[in-house]
Q: 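After the structure tokens below, expect a handful of questions from me.
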Amino acid sequence: MYLELQQQLIQRFHDLLKRQYDVELPRIVVDQPPNVGLGEYALPLSFELAKKLRKAPRKIAEEIVAGLGPVPGFDKFEVAGAGYINAKLNREEAARLLLSERSKHQGSATGKKILVEHTSINPNKAAHIGHLRNSILGDTFVRLLQAAGAKVDVQNYIDNTGVQVADVVVGFLYLEKKGKSEIEALIANGSTGKPFDYYCWDLYARVSQWYEEGKENLKLRLQTLHNIEQGGNEPAEIGTIISNAIIRRHLETMQRLGIEYDFLPQESEILHLHFWELAFEQMKQKGVLYFETEGKNKGCWVMKRASSSQNAKRQPAAEGNDAPETKSGPDEDAKVIVRSNNTVTYVGKDIAYHLWKFGLLGRDFGYQRFYRYPDGRLVWISAESGEPDHPHFGSVNTIYNVIDSRQADPQNNVIEAIRGLGYIEQAENYHHFSYEMVALTPRCAMDLGYEVSEEDQKRAYIEVSGRKGFGVKADDLLDSLIAAAQKEVDSRHPEMDEQERRGIASQIAIGALRYFMLKFTKNSVIAFDFKEALSFEGETGPYTQYAIVRATNIFRKADLSAEEILAGHTDLRFLKEDDELWELWLRAGQLSSIVEQCIATTEPAYAAKYAFQLAQQFNNFYHKHHILTETDEARKRFLLTTAAVVRRALIQSLELMGIDAPSVM
RNA sequence: GAGCCCGUAGCUCAGGUGGAUAGAGCAUCUGCCUUCUAAGCAGAGGGUCGCAGGUUCAAGUCCUGCCGGGCUCGCCA
């Protein structure tokens with residue numbers, strides 16, 4: 001509601017400026033006045049026009065208001081302060097619009113097909129809190145895009161032929177002295193007493209330690225890596241077995257949080273289906289790659305780096321002397337794509353993969369069914385020779401890669417390669433959805449029993465490390481959250497049966513976890529702290545869930561359905577007199593505006609803030625107006641409608657974040 | 001050395017493309033459960049927005065330079 005009216009307003013002002021002053025502003029800024037009594041929209045445009053038109057801002061504002069005439073949906077326009085124009089909505093009309101809204105809005109992404117890649121955990125160990133941030137951000141962004149009308153393919157890239165998998169293969173072969181069948185048995189019966197991903201978590205840390213004990217050990221690693229890349233040998237088979245088992249564990253972990261995928265493209269197929277060769281041809285042809293004959297990169301195929309700042313190394317020339325320093329010799333800053341031993345680097349493979357995403361490679365994966373969710377949704381995985389009947393992924397125009405900020409450099413290399421190939425539009429629509437890492441506070445690390453050096457103890461946070469086995473596992477955290485929530489639910493609802501209580505505890509735990517990962521903006525490092533993460537009070541997911549439950553309880557007690565209230569008649573004139581109630585309606589009407597803002601800025605945190613603030617306003621309302629004892633029937637009906645409108649917006653805002661609204665709490 | 005990010009209340013963080021009086025949660029203190037559930041509400045204290053310049057009607061927000069912290073820069077993946 002809010003967004004549509006704002007767009008109409010902007011159009012109106014745009015037309016008026018053209019007609020009355022013959023000016024066009026690049027954009028018309030719309031703010032909100034400090035309080036809703038002043039109006040719903042504030043336009044500071046007369047300040048901007050003051051210089052252009054050589055008039056006082058206030059004068060301009062008055063002229064504009066005078067020339068505006070009636071605008072549908074609006075009651076009046078007022079000049080305020082030094083020259084703001086405040087627009088006041090017709091509250092009843094706007095409220096009617098809000099009441100009639102469907103749940104999904106026709107957003108900016110309507111009709112678009114978009115590919116989002118997230119999670120992409122190396123398949124050699126259990127998922128940890130850092131991975132959770134990735135998956136929760138990614139999954140929430142998928143939901144936001146869908147809310148804006150997009151059709152979204154969700155991909156989880158699997159690096160199943162990299163060193164990380166090789167390390168665990170080495171662990172099984174040389175530390176545990178286990179062969180293929182023993183590993184298969186281990187996966188099948190779980191005889192170790194811990195899940196396979198947990199088992200590998202520990203083994204991976206042990207192997208990393210073991211490498212430091214001798215150079216021969218590192219040789220085994222390299223050899224195993226080569227075997228895996230090549231395929232068709234025992235280490236490669238073991239690698240596949242491990243990778244598949246771990247991927248299943250990751251899917252199960254993420255499923256607990258309501259996170260699902262459509263397709264798992266694997267590096268093994270990028271290698272074996274020779275994606276690189278096709279990309280290599282294109283890149284040579286278009287001159288994106290060149291063969292270096294000198295310097296440290298002699299014998300390699302290299303690519304000019306986008307960020308390579310030629311100016312950086314140049315000393316400013318002497319005054320008045322503009323001697324251009326002609327670059328002679330090799331560009332030592334270039335990015336190596338093909339090594340002198342003729343093998344391709346990770347970035348090279350990534351370029352090929354991304355050409356495929358945009359449908360520019362001229363080759364496709366094979367597809368095989370891999371996993372089925374309870375709701376019937378299928379996860380497909382790449383394969384050399386796939387099933388004959390399969391959906392097609394890729395060939396989209398817009399992609400989002402949810403990858404942490406440490407990979408900004410390689411991501412930019414891929415984008416530059418695509419741009420260099422002449423795919424300008426695709427390069428523009430390639431979004432590196434970058435976010436900062438999750439780290440542990442020193443106290444948290446010590447509580448977990450890790451040794452923390454004195455130096456590290458002074459730091460604000462310590463980076464988690466799968467290699468060292470240093471971190472909080474996703475399943476462990478979720479288990480702790482569920483246990484904590486269960487305790488609360490048990491004490492509040494002893495009358496409910498065990499399974500029901502467990503279900504609600506799980507919804508609360510997921511709400512707490514997902515909200516926790518979303519409340520911080522992407523650029524802020526999360527210094528993980530159990531006390532905060534396990535909290536259900538204050539700015540948390542359960543706070544918003546609780547507000548919904550309170551609203552639900554009103555309808556339950558009154559034996560009414562919130563949906564019927566929304567559909568029925570209500571007297572909206574109460575909105576005229578009460579700014580606080582109107583503010584609640586207005587805020588509820590801003591949901592689609594928030595969705596668009598989240599997408600435009602790739603920042604899901606705005607949705608989290610919105611949900612919390614709306615819940616806060618609702619709790620305030622709940623406390624102030626005791627609905628069921630209201631004696632004025634018309635007013636009671638109106639308050640019920642208010643609760644229903646806000647409840648609906650709260651539920652929708654939580655849906656965007658993948659958080660359920662429990663029936664009771 | 002270069003690039004990216006961060007620095008706002010005791011702590012953790014918000015402050016969309018500059019806009020009206022800098023906010024929230026936690027923590028501390030004071031009130032509020034015979035009411036639609038207190039996982040809640042109301043109130044109090046707490047700020048040189050890292051420092052210094054600049055841009056303009058207007059700067060926490062933009063520019064420059066410092067200071068402090070993090071990450072990244074390999075013929076690893």
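A, B, ... follow the sequence lines: proteins, then strands. Residue 1 opens every chain.
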Q: Going by atom types only, do A/Asn341 and A/Thr343 share a side-chain donor-acceptor pair under 3.5 Å?
A: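 Present: a donor and an acceptor within the cut-off.
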Q: Which value, in whole Å, describes the distance between the P atoms of nucleotides B/G45 and B/G10?
A: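 Result for the P pair: 15 Å, nearest Å.
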Q: Examine B/A24: is either OP1 or OP2 under 4.0 Å from a nitrogen or oxygen in the side chain of A/Tyr543? Give yes or no.
A: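 Checking A/Tyr543 against B/A24: no side-chain N or O falls below 4.0 Å of OP1 or OP2.
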Q: Taking the same atom, P, in B/A22 and in B/C26, what whole-Å distance lies between them?
A: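 To the nearest whole Å, 23 Å.
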Q: Among B/A39, B/U37, B/C36, which nucleotide sits nearest the side chain of A/Arg492?
A: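 In terms of side-chain proximity for A/Arg492, the closest of B/A39, B/U37, B/C36 is B/A39.
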Q: OP1 or OP2 of B/C6 less than 4.0 angstrom from a side-chain nitrogen or oxygen of A/Asn523, does that happen here?
A: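 Yes, because at least one side-chain N or O of A/Asn523 sits under 4.0 Å from OP1 or OP2 of B/C6.
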Q: Looking at the side chain of A/Arg406, which of B/U37, B/A24, B/U72 is the nearest nucleotide?
A: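 Of the candidates, B/U72 comes closest.
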Q: State whether a side-chain donor-acceptor pair under 3.5 Å links A/Arg556 with A/Asn553.
A: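 A/Asn553 and A/Arg556 do have a side-chain donor-acceptor pair below 3.5 Å.
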Q: Check whether any side-chain N or O of A/Arg550 sits under 4.0 Å from OP1 or OP2 of B/C41, and answer yes or no.
A: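 So the side chain of A/Arg550 is outside the cut-off, no N or O lying under 4.0 Å from OP1 or OP2 of B/C41.
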Q: Between the protein and nucleotides 54-57 of chain B, list every N/O to N/O distance that falls short of 3.5 Å.
A:
none

Q: Counting distance alone, no hydrogens or angles: does the base of B/C13 have a donor or acceptor under 3.5 Å from a partner atom on the side chain of A/Ser524?
A: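 In this structure, the two groups form no donor-acceptor pair.
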Q: Ignoring hydrogens and angles, does a donor from either the side chain of A/Asn86 or the base of B/A20 sit under 3.5 Å from an acceptor on the other?
A: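 Pair found.
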